[in-house]
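Structure first, then comments.
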Amino acid sequence: MAKAEQQSVEDFKGQARLPRFANPKRYVISLRVDLARCAFSGSSTIAVAVVSSTRFLVLNAADLAVDPASVRFTTPGSSEELKPSEVVAVEEDEILVVGFDTTLPIGDGELRIGFTGTLNDQMRGFYRSKYEYNGEIRNMAVTQFEAVDARRCFPCWDEPAFKATFKITLEVPSELVALSNMPVAEEKVNGVVKTLSFEESPIMSTYLVAIVVGLFDYIEDKLPDGTKVRVYCQVGKSSQGKFALDVAVKSLQLYENYFAVPYPLPKLDMVAIPDFAAGAMENYGLVTYRETALLYDDRLSSASNKQSVAITVAHELAHQWFGNLVTMEWWTHLWLNEGFASWVSYLAVDSLFPEWKIWTQFLEETAAGLMLDALSESHPIEVEINHANEIDAIFDSISYDKGASVIRMLQSYLGAESFQQALASYIKKYTYSNAKTEDLWAVLEEKSREPVKDLMNSWTKQQGYPVIYANLKKHELELEQAQFLSDGSSGTGMWIIPVTLCCGSYNPQEKFLLKSKYHKLDIKELVSSHDPNNENGERFWIKLNVDQTGFYRVKYDDELAAGIRYAVQANKLSLMDKIGVVEDSYALSVACKQTLSSLLFLLSAYGEEFDYTVLSHVIVISCKIADVVMDATPELANDIKLFLINLLLSAAKKLGWDPKDGENHLDVMLRSDLLVALVRLGHEETINEAVKRFNIFLNDRNTPLLPPDNRKAAYLGVMQTVSTSNKSGFESLLRIYTETDQSQERVRVLGSLASCPDKEIVLEALNFLLTRKVRNQDAIYGLGISRQGRETAWVWLKENWDYISKTWAASSLISRFVSAIVSPFNSSEKAVEVEEFFASRVKPSFERALKQSLERVRINAKWVESIRGEQSLADAVKELVHKT
Ligand code: BES
Ligand code: ZN
C-alpha cells in the first residue's frame, strides 16, 4: 500500500497480524461487572503512539458491542476531539477498524472506546464460572486471555509484542473479592457496589492481563523481601492451598537466583477456578489454575496429584520471567515460553524434592514429544502462524515436550553452568521486551562460543527427529542418521546431533557432533578399557545417547541389541538409559522396523526392575501391546497378556495393596501404576481384590484399605466387572462422583467409567459426560474408553457432534474428543470413514488433532498387519511365557 490515504477497511481483512502504524502505550480500563446478568460494560482509554501516516487505527475486538458514538481520538496539544468517520467491526478477523476523515498526526494520542459484553460460558475471554456457596449456586467472573482472547474483554492490540501498561478499575458487588494483576491502590464502597482501582502494571502483553471476581478464602506467605504470595480458593478449602503456597514461595526464590532478576511485581496471587479450560495460566501476578492443579489435600489427594501441583506451580511461576518479563515476539516462538517453562519447572521441582527423581521422570515428556514428532502431521517447533485461529493448536507436545527436551539436550551439550549464565543474560537483555528464538541462540552462542545457532536451527526449524542406526564392524562403529517416522518411511531430514556413547561402563564416554549422514568411529580405545571376554561372564555393550539427553532414537544391530539387553538385565544401565532403550525399541516396533517378538524379548529383561521411573514406561508400553495384539493376533493375546502380567508381578507383589509407613513417594506412585496396569491386563486376582476393597470403601470412605493412590485401580477394576445386568458398581461410582466436592476424586471416577467392557455401559458413561453433573472442563477425563467400546464411542461422537462441537470448540478441548475417540482405531477403512464424516465439519481448532489422529490410525493398521505377518511370534511367545 503506497499511501495511507488510499487505504480502506478492506485492506485490513484477512491479515495474520495487525498493521504497525500505531502502538499502544498505556491502557486505562474500567469494567462494571454484573454477575447476575452475566454481563459487563466498560471503557478503555488507550494512549497510543502514531508512528506512521494513517487515517486508520486498527486493533482487535471480538464478541463486544462497541458503541460507535463513544469512540474518540484526542491529541495532547489540541483541545479538539476527533470523531471517527467509521467504526467497523470485522467479525471474521476479530478486528475493529476506526477510520477518520483526516490523517492522524504522528506522535502521541489517546483513543477512547465504550463497549459492552457478556460473561460467556466458553472458558475464554471474560467468562463466568459457577460455584456453590451455602448451598446456593453462584457466578464468578474470570478471564482467560491466552492466546488471543483479551479482545473479548476490551478492544486492544492483542499481540504479544504490543506491550503496554495497564491501569484497571473494577466495579463489583461489595461483598466479593476482586483480583487483578496488580494490588488494589484504592477501594471505594458505595452500598452494594464497590469500585476497586488497581495499581498500574509495568509494561506487559495483553494475553497476561487477568481479572477474577468471586467469593474466596486465602492463605498468605511472604518472600524474604516482603512480597506477598497468596493462594485463593473456595471458601472453606484454604488449607488445601498450603502445599502450593509452599512450592510457590520456594520456587520464586529459586528463580530469582537462577535468572538473577528479582520477581518483578509487588504481589503474586494464585487462584483455583472451578471452570477452567487449560491446566493453569501464568497471568502476570495473578496465576489461575484448575482446582486439581493447585489444591492438595493430605487425606484425599494422591502422590501423583501432589507432583502435578508442584510441577504446575513451578511451571507457571517460571513464566513470570520466561514469558511475562521476556515475551515471545510472536506465536511462532511460543515454544520459548512453554518449552522453557516446562524445562525450568523440572529444575525447580528437582531442587525442592530430590527424592522424586524428577529429571528421570522428565523422560515421559521426551517420550511424548518423540511420539508426536514421529508423525508426518507434526510441525516444526518454530511454526508459521497465518491466522489467529491457528494458535490454540500449537499448545501441543511439540511446543512443550519437544521444546523442553531440546533445551535439555542443549544444556547438557553446553554444560549447566554456562547455560545458566547465558540464560540470565538473555533475561536481562530482553527484560520488559520481546524476543525471538534466534535472539536466545545469539546470547547462548556469544557466551558459550559454540555453534548454538546452527545446531539448534536443525531442531527447531525442521519437524521430526533422527534415528541413528548403529552397526558394529570389529572395532569400528558405523553410524547412520535418517529421519524417524512411525509409519516406517524415512523422511529427508538431517540434523546436527550431539552424540554421546559409552562402552561397558559410563566412564569414559565419547562425545561429538554428528553433522553428516554417515560417520565411522574407531572405538578400540573405549573397548580396550573393557575386556570383551571378561572372565566374570560380563558381556560387552555399547549405549548411545547416554542418559537420553538427545532428542533422537537409536537402532542397534543384532549384536549390539543383545549387548544392550544384557546390560539392562544385569542392571548395568542408568535409570534414564533403561527407559531410553525400551522406549526406542517400542517405537521401532510400531514403525515395523523391528519385530514384536524382539520387543517382548527385550521387555523380559525388565522383570527384576523395581524403580517407578523405569516401570512407568514399561507399563505404558505393555498396555499398548496388550491392546494391539487383541486385534492383530487374538489367538496369542492371552499368552502375551500373561507374559506382561508376569513381568509386572514381582514388583506388584513386593508392594502389595497396602501402603507402608514412611514409604517413599515413588513407591506409592509405582504401586498405583502397577495395580492399574494389572487391572487393565485382566489380572483376575487384582480385579477381585479391587472389587473387595471398593466394597469396604463404599461403607467407609475413610478406610485405610483404599487410600487415594489406589482408587484409580479399584475403580477400573470395578468397571471391569460391571455389565447391564449388574450395574451396581457403576451406580456406586456415579454416586461417589456426585457426592464428593474434591475435584481430583472426580477425575479418578470419570477416568474409570467408560473403561467398561460392556458397550451399553460405555454409552451410558459417555452420555453422563454431556449432563449438567459434569462440568464442561472435566468431560475430557471421561474419554478413557475400553477397546470394546471404541465403535460405540465413535457412533456417539457422530450423533452428538453438533452439541459437542458447540460446547467445546471455543475452549479448544474439542481436539481431545477427536483424538481420544479416533486414534485408538487401527484399520484403514476406519480412517476413510472418519475422514468422510469430518470432511464437511472440520475446523481450525481441531484440524491438526484430526489429521494426527488419522495418521495414528493408519500407523496402527500397519502395525497390526506386520504383527499378523510375524511368523515366529507364536513360538517366541510360547517360550517367553514358559520362562516366566
Ligand atoms: N500458558 C499455558 C496455559 C495455556 C495453555 C493457555 C493453552 C492457552 C492455551 C500455561 O502456562 C501452561 O502451560 N499450562 C499447562 C500446565 C503445565 C504444567 C504444563 C496446562 O494448562 O496444561
Ligand atoms: Zn506454560
Side-chain angles (χ1 to χ4, degrees), residues 122-125 127 142-150 152 158 160 204-210 244 247-248 251 255 270-273 275-284 286-294 304-328 331 333-349 358 361-362 364-365 368-369 385 388-405 407 747 777-778 780-781 808-816 845-846 848-849:
Q122 305 279 317
M123 296 185 279
R124 65 160 173 180
Y127 70 94
V142 190
T143 56
Q144 167 60 45
F145 289 169
E146 194 178 16
V148 287
D149 294 322
R152 283 166 218 284
D158 199 10
M204 58 186 277
S205 304
T206 46
Y207 79 92
L208 294 166
V209 173
V247 171
S251 28
Y255 295 144
M270 310 201 291
V271 198
I273 307 294
D275 301 276
F276 197 78
M281 175 64 210
E282 70 267 25
N283 313 301
Y284 223 170
L286 177 56
V287 183
T288 44
Y289 295 81
R290 272 190 188 226
E291 290 189 352
T292 47
L294 186 67
S304 118
N305 294 146
K306 187 176 194 174
Q307 222 182 261
S308 324
V309 169
I311 287 280
T312 310
V313 170
H315 174 108
E316 303 313 332
L317 300 193
H319 276 313
Q320 307 301 306
W321 287 260
F322 234 104
N324 301 10
L325 188 60
V326 178
T327 311
M328 70 229 147
W331 299 104
H333 307 282
L334 172 72
W335 84 281
L336 275 183
N337 264 14
E338 298 305 347
F340 259 90
S342 295
W343 177 80
V344 176
S345 72
Y346 279 76
L347 202 80
V349 170
I358 203 76
Q361 295 195 53
F362 179 82
E364 284 177 27
E365 316 266 322
I385 300 290
N389 63 16
E390 294 168 12
I391 299 169
D392 272 342
I394 60 169
F395 285 82
D396 64 1
S397 217
I398 297 302
S399 303
Y400 282 76
D401 301 323
K402 182 182 183 183
S405 301
I407 291 160
V747 171
Q777 65 158 7
D778 290 329
I780 45 165
Y781 299 122
W808 283 279
S811 62
S812 80
L813 291 174
I814 187 74
S815 58
R816 305 275 282 271
S845 55
F846 64 90
R848 219 185 258 285

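Predicted model, so just to flag it, every value in this text is computed and none were measured. Whatever order the structure lists ligands and atoms in, that order sets their numbers, starting from 1.
Taking the N/O/S atoms of H315 in turn, the shortest distance to the Zn ion (ligand 2) belongs to NE2. Checked against the Zn ion (ligand 2), the N, O or S atom of E338 at the shortest distance is OE1.
Ring-centre distance between Y207 and W331: below the 6.0 Å cut-off.
Between L208 and H319 the shortest side-chain heavy-atom distance does not fall below 4.5 Å. At a threshold of 4.5 Å between non-hydrogen side-chain atoms, the residues V747 and T292 count as touching.
The pair D158-R152 does not count as a salt bridge, with every side-chain nitrogen at least 4.0 angstrom from each carboxylate oxygen.
Taking the six-membered ring where tryptophan is involved, the planes of F395 and Y400 are tilted, since the angle between them lies from 30° to 60°.
Here the protein heavy atom with the shortest distance to atom 13 (O) of ligand 1 is Y400 OH, 2.6 Å. When hydrogens are left out, the protein atom nearest atom 16 (C) of ligand 1 is E316 OE2, 3.8 Å; that is the closest non-hydrogen contact. Atom 5 (C) of ligand 1 has as its closest protein heavy atom F395 CD2, 3.6 Å.
No side-chain N or O of S845 forms a donor-acceptor pair with one of D392 less than 3.5 Å apart. Counted by atom type alone, Y346 and E365 present one or more donor-acceptor pairs between their side chains at under 3.5 Å.
Judged by the shortest distance from any of its heavy atoms, A280 lies inside the 4.0 Å radius around the atoms of ligand 1.
Relative to atom 8 (C) of ligand 1, the option among E146, E365, E338 with the closest non-hydrogen atom is E146. Comparing T312, V148, L334 against atom 18 (C) of ligand 1, the shortest heavy-atom distance belongs to T312. Considering A293, A404, G279, A277 only, the shortest heavy-atom separation from atom 21 (O) of ligand 1 involves G279. Here atom 1 (N) of ligand 1 lies nearest to E282 when heavy atoms of H315, H319, Q144, E282 are compared.
Put simply, the side chain of D396 gets close to the backbone of S399: a donor and an acceptor are under 3.5 Å apart.
Under 4.0 Å from ligand 1, heavy atoms of A278 appear from its side chain as well as its backbone.
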